[in-house]
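Worksheet for the structure shown next.
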Amino acid sequence: MSVEKHKATSSRRYLLGTLSAEESERLEGEFFDHDETFEEIEIAEDELIDDYLSDDLSRAERDQFQKQLLENPRIAERVEFAKVLRHASKTTAQLSDIKPEPNSWWQSLVAFFSTPQRLGSAVAALVLVLGGGFLFVDWLRLRDESRRLRAERTELQRENELLTRKIENDTRQLTDEKRNVEALNTKLEQELESVQERPGTLALLSPLFLFPGGSRSIGKTNELLLPSRLAMVRLQLALESNDYLYYSAVVRKGVEGPIAFRKTKLKPGTNQSIKVIELRFPSTRLVAPGDYIVNLDGIKPSSEPEFVATYNFRAVNK
Amino acid sequence: MHSLLPTDEQPNGETETQTQSPSGSPKRKWTPTPEAFEKLLARLASDRNEAGERYEIIRLKLLRFFEWRNCDSPDHRVDEAFNRVMRRIDEGQTIENLMAYFYETARLIFMEWLKEKKKTAAIVENTPVTVAPVDLEHRDEEPRVHCFDNCLEDLPVESRELILAYYECEKREKIVRRKKLAVELKIPMNALRIRAHRIRKDLEKCVKNCLGQYAELK
């Protein structure tokens with residue numbers, strides 16, 4: 001008896017409870033130590049269930065199986081599963097066994113070629129015709145396929161070249177634009193710094209007092225008269241309450257237009273007992289006459305900026 | 001301390017309720033702690049995932065051990081075995097062969113159960129016990145067949161074909177069919193047995209899960 005066969009038999013007897021106590025303990029010790037022995041017993045359990053269902057167990061084995069294993073709900077479940085598995089396997093096998101009935105013309109053909117001479121000649125002719133035909137058709141197919149692939153490859157190469165050229169152009173254009181914007185930005189920053197460092201050198205415009213929403217400015221108008229030469233614009237943004245540590249303001253041309261001026265870490269001052277945030281910036285920041293919007297955010301320690309108010313004003317030439 | 005086998009006083013001291021020691025003082029119940037569990041996992045393998053896999057294998061082996069010995073409440077006894085081994089590891093006891101130690105612990109728990117069973121046998125004998133029979137004949141097989149079909153469909157094509165071919169014949173035809181199948185697959189017969197068993201195991205697991213979901217829906 002081979003080792004595998006011996007193991008299978010021992011496992012089977014262990015499950016049926018017919019192995020001696022000593023042998024059972026040895027097998028248990030082994031299955032705790034070796035996963036393959038454990039798997040062998042699990043396989044023996046599968047096979048016992050199958051043999052039970054196909055009535056392949058001896059009378060004694062059947063009794064033992066019912067007494068020792070079938071009362072266990074897990075095994076009872078496994079038996080039910082095995083029934084379904086067996087049924088499915090047999091049904092599949094039966095379906096694949098069903099073959100179509102031979103037709104009468106086929107039977108006649110077989111009868112005609114039943115003599116060895118006829119059959120030999122026919123087979124040789126058939127091989128030649130089929131082989132030649134097949135080769136010819138295959139050659140045609142390969143030729144067409146090769147042409148099609150060549151055309152596709154050329155087209156792909158052309159598209160690839162066009163795309164590469166377009167990407168290069170776009171990249172160059174973007175780089176130029178970026179460089180221009182950076183230069184302009186640097187220039188403006190320098191200008192702002194020099195102006196802020198020398199506030200006395202620029203004429204200060206009278207402050208334009210703005211209320212949130214922009215409809216209640218003093219003098220009923222939100223118009224800012226732009227001077228013909230460089231001057232310092234002053235905007236005073238009225239606060240309804242002072243709830244934040246700092247404020248930040250952004251002046252834009254229109255709702256989504258370019259940013260004309262931005263300032264952070266602003267602290268409120270007082271104008272006629274009203275808390276105000278004052279913004280000062282060179283008039284050149286307001287590049288063109290038109291409607292401007294000031295967005296004011298409040299900043300509390302360790303939190304995100306919060307929206308406070310929006311102010312509107314119109315810049316007009318003097 | 002250096003030991004391979006659990007000592008005799010260990011199993012009795014770790015039952016799930018507070019018990020009386022021979023001296024009459026109550027013994028303290030040991031409950032597993034996360035640290036003790038971590039120590040057990042570390043003992044099983046250095047890699048945590050591998051340790052988890054080993055833990056599951058040991059759990060399955062213990063469960064089958066108690067089931068194959070027809071012990072009642074096998075799950076409960078598996079927990080008990082784990083608790084005892086975890087306790088010894090937590091206390092710093094050197095265990096040379098952990099798997100042998102698990103086996104010996106399981107065997108001791110089984111012996112205790114047997115002893116307890118014998119003690120209560122007389123009481124049980126005189127108590128009429130009504131066991132609800134499992135009605136295998138009239139149970140609703142439709143969900144099982146439905147689940148089986150779905151799970152079979154989910155198997156990879158090769159696995160599906162193999163498992164159906166493996167079980168399509170009976171008696172003598174079965175042996176011939178399986179030999180042919182092994183030749184077709186170019187593997188020895190025993191490897192075919194193992195392969196079929198593993199596919200069957202996965203399929204059964206899938207059907208069990210599916211039936212569980214079906215029962216929940218009901």
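Chain naming here is simple, since letters A, B, ... match the order of the sequence lines and numbering starts at 1 in each. Only heavy atoms go into these numbers, but all of them, side chains included; no hydrogens, no water, no symmetry mates. The model shown is predicted, which means the values in this text are computed figures rather than measured ones.
- Ranked by non-hydrogen atom pairs under 4.5 Å with chain B, the options A:E40, A:K90, A:E39 are led by A:E39.
- Here B:R200 is the residue among B:E67, B:R200, B:R107 with the most heavy-atom pairs under 4.5 Å with chain A.
- Contacts of A:D46 with chain B are made by both backbone and side-chain atoms, with heavy-atom separations under 4.5 Å.
- Side-chain contact between B:E204 and B:K201: absent, with no pair of heavy atoms (C-beta onward) separated by less than 4.5 Å.
- Taking A:R74, A:R86, A:H87, A:E42 one by one and counting their heavy-atom pairs under 4.5 Å with chain B, the maximum is reached by A:R74.
- Options B:L203, B:L211, B:I58, B:I163 differ in how many heavy-atom pairs under 4.5 Å they form with chain A, and the most are formed by B:L203.
- Aromatic ring centroids of B:F65 and A:F31 lie 6.0 Å or more apart.
- A side-chain N or O of A:Y14 and one of A:E28 form a donor-acceptor pair less than 3.5 Å apart.
- Residues forming a disulfide bond (SG atoms under 2.5 Å apart) with B:C151 (at least two apart in sequence, or on another chain): B:C206.
- With chain B as partner, the option from A:D51, A:D50, A:D33 having the largest number of non-hydrogen pairs under 4.5 angstrom is A:D50.
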All N/O donor-acceptor pairs, side-chain side in residues 138-145 of chain A, below 3.5 Å, sequence neighbours left out:
unit_1, atom_1, unit_2, atom_2, d
A:D138, OD1, A:R141, NE, 3.3
A:D138, OD1, A:R141, NH2, 2.9
A:E145, OE2, A:R148, NH2, 3.0

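- Residues of residues 172-187 of chain B placed with any heavy atom under 4.5 Å of a heavy atom in chain A are listed by number as B:K174.
- Note: B:H197 leads B:M99, B:H197, B:K171, B:M189 in heavy-atom pairs under 4.5 Å with chain A.
- Other residues, nucleotides and ligands contribute only 12 or fewer heavy atoms inside 6.0 Å of the CD atom of A:E71.
- Side-chain contact check for B:P32 versus B:F37: every heavy-atom pair is 4.5 Å or farther apart.
- Using a 4.5 Å cut-off between heavy atoms, B:R160 makes no contact with chain A at all.
- Under the 4.0 Å criterion applied to side-chain N and carboxylate O atoms, B:R59 and B:E56 are not assigned as salt-bridge partners.
- Proximity to chain B involves both the backbone and the side chain of A:I43, based on heavy atoms less than 4.5 angstrom apart.
- At least one side-chain heavy atom of A:E77 sits under 4.5 Å from a side-chain heavy atom of B:R144.
- For B:W68 and A:E45, the side-chain atoms include at least one donor-acceptor pair closer than 3.5 Å.
- Using a 4.5 Å cut-off between heavy atoms, A:E36 makes no contact with chain B at all.
- Residues in residues 42-52 of chain B take part in these side chain to side chain donor-acceptor pair (under 3.5 Å) pairs, two or more places apart or across chains: B:E38-B:R48.
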